[in-house]
Amino acid sequence: MNPEEALVSATDYPLYVVTACAGEKRGGCLAGFVTQSSLQPVRFLICISKANRTFAIADKSDELALHLLGADQRDMASLFGEESGDEIDKFERVQWSVGPAGLPILSECAAWVAGPVVDRMSGGDHEAFLISVSDGGAGVHEGQFMWSDASGFEPGHPG
């Protein structure tokens, strides 16, 4: 067993959908490497795989939106985690509205926040985006869709 495997295999965490827009392009992907990083001001750290189409859009976006998935949202998690935006328009399959800075805001989630990217750094095969929360709201779903709930998912992007 690798040194990190014991910790990683014992850890469970909520999954989110992060959305971005740059010009006419929209993107969204499932994200597990997410955490609130500050209380004052409220900030979240969102890590996006560099192999993901959404990364290319987020990299050109001034703001990002983060959606916490409810416990009953396996289909939504599958769409944004197992399908690639290179092959389908995920937003044709869900209800959403235009939010701050033109960001896609999912109508179905447990809660969401959005805000400007205030910093970023490489985290290895993921890029870490730090956002400062400027908007958000409650959703209609309860609970949290967890990493353990996504067992069997196959990533929609290469690598």
Side-chain angles (χ1 to χ4, degrees), residues 2 4-36 44-61 63-99 101-115 117 120 122-131 136-159:
N2 293 333
E4 72 278 4
E5 284 181 15
L7 177 65
V8 171
S9 66
T11 303
D12 201 12
Y13 44 85
L15 294 180
Y16 302 79
V17 171
V18 58
T19 59
C21 69
E24 297 296 314
K25 293 185 178 181
R26 299 184 297 266
C29 65
L30 196 62
F33 304 148
V34 174
T35 189
Q36 184 174 349
F44 281 85
L45 189 68
I46 305 165
C47 298
I48 302 173
S49 170
K50 294 175 184 176
N52 196 307
R53 176 182 178 271
T54 301
F55 167 71
I57 297 169
D59 198 40
K60 295 179 177 118
S61 181
E63 299 198 22
L64 297 175
L66 183 65
H67 306 82
L68 176 65
L69 295 180
D72 62 342
Q73 291 193 273
R74 185 176 178 84
D75 289 345
M76 180 80 77
S78 175
L79 174 64
F80 282 92
E82 294 190 288
E83 300 292 339
S84 172
D86 291 323
E87 298 169 11
I88 66 165
D89 182 350
K90 298 174 193 180
F91 296 98
E92 288 182 350
R93 299 178 182 204
V94 297
Q95 292 183 0
W96 63 280
S97 60
V98 176
L103 291 167
I105 304 299
L106 302 178
S107 301
E108 301 285 325
C109 64
W112 66 276
V113 295
V117 175
R120 63 182 70 198
S122 177
D125 61 0
H126 284 62
E127 185 83 359
F129 295 85
L130 182 65
I131 69 165
V140 297
H141 292 266
E142 295 182 1
Q144 300 175 353
F145 188 82
M146 303 296 287
W147 168 250
S148 59
D149 298 325
S151 64
F153 278 20
E154 293 293 327
H157 61 79

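Count residues from 1 along the sequence.
For His126, the ring-ring contact (aromatic ring centres under 6.0 Å, His included) test picks out Phe33, with sequence neighbours left out. Annotation: salt bridge (charged side-chain N to carboxylate O under 4.0 Å, His left out) contacts of Lys50 (sequence neighbours excluded): Glu127. The side-chain hydrogen bond (donor to acceptor under 3.5 Å, both in side chains) test applied to Ser9 returns no partner, not counting sequence neighbours. Under the side-chain hydrogen bond (donor to acceptor under 3.5 Å, both in side chains) criterion, Thr54 pairs with Asn52, not counting sequence neighbours. Contacts of Ser151 classified as side-chain contact (heavy atoms from CB on, under 4.5 Å), with partners at least two apart in sequence or in another chain: none. In this structure Arg120 satisfies the salt bridge (charged side-chain N to carboxylate O under 4.0 Å, His left out) test together with Asp59, sequence neighbours excluded. By the salt bridge (charged side-chain N to carboxylate O under 4.0 Å, His left out) test, Glu108 pairs with no residue at all, sequence neighbours left out. With sequence neighbours excluded, no residue satisfies side-chain contact (heavy atoms from CB on, under 4.5 Å) with Ala56. A search for side-chain hydrogen bond (donor to acceptor under 3.5 Å, both in side chains) contacts involving Gln95 returns nothing, not counting sequence neighbours. Residues satisfying the side-chain hydrogen bond (donor to acceptor under 3.5 Å, both in side chains) test with Asp75, not counting sequence neighbours, are none. Taking Phe80 as the reference, Phe91 meet the ring-ring contact (aromatic ring centres under 6.0 Å, His included) condition, with sequence neighbours excluded.
Pairs of residues two or more places apart, or lying in two chains, that qualify as salt bridge (charged side-chain N to carboxylate O under 4.0 Å, His left out) and include a residue from residues 23-36 are Arg26-Asp89.
When all heavy atoms are compared, the tightest approach of Pro104 to Ala65 is O-CB, 4.1 Å. Between Asp149 and Gln144, the closest heavy-atom pair is OD2-O, 3.9 Å. Residues Gly99 and Ile105 come closest through the heavy atom pair CA-CG1, 3.6 Å. Here the shortest heavy-atom pairing between Leu68 and Pro14 reads CD1-CB, 3.8 Å. When all heavy atoms of Ala150 and Leu15 are compared, the pair lying nearest together is CB-CD1, 3.8 Å. Of all heavy-atom pairs spanning Val18 and Ala31, the tightest one is CG1-CB, 4.3 Å.
At least one donor-acceptor pair under 3.5 Å links the side chain of Glu82 to the backbone N or O of Glu154. Panel note: side chain Lys90, backbone Gly27; no donor-acceptor pair is recorded below 3.5 Å. Here the side chain of Ser78 pairs no donor or acceptor atom with the backbone of Arg74 at under 3.5 angstrom.
A heavy-atom distance below 4.5 Å is not found between the side chains of Leu64 and Thr19. Using a 4.5 Å heavy-atom cutoff, the side chains of Leu106 and Val94 are in contact. At least one side-chain heavy atom of Phe129 sits under 4.5 Å from a side-chain heavy atom of Ile48. For the pair Leu79/Ile88, a side-chain contact is recorded, criterion being any heavy-atom separation below 4.5 Å from C-beta on.
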>> Please evaluate residues Ile46 and Ile131 with respect to the criterion side chain to side chain contact (heavy atoms under 4.5 Å, CB included), reporting the C-alpha separation (whole Å), side-chain torsions for both, the decisive distance (0.1 Å), and the verdict.
In response: CA-CA 8 Å; Ile46 305 165; Ile131 69 165; 3.9 Å; yes
>> Assess the residue pair Leu30 and Phe153 against the criterion (side chain to side chain contact (heavy atoms under 4.5 Å, CB included)); give the C-alpha distance rounded to whole Å, side-chain angles, the decisive distance to 0.1 Å, and a yes or no.
In response: CA-CA 11 Å; Leu30 196 62; Phe153 278 20; 4.2 Å; yes
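Here the OG-CH2 distance, from Ser107 to Trp112, works out to 10.5 Å after rounding to the nearest 0.5 Å. In this structure, the separation between OH on Tyr16 and SG on Cys29 is 14.0 Å, given to the nearest 0.5 Å.
The number of heavy-atom neighbours closer than 6.0 Å to CD of Glu5, taken from other residues, nucleotides and ligands shown, is above 12.
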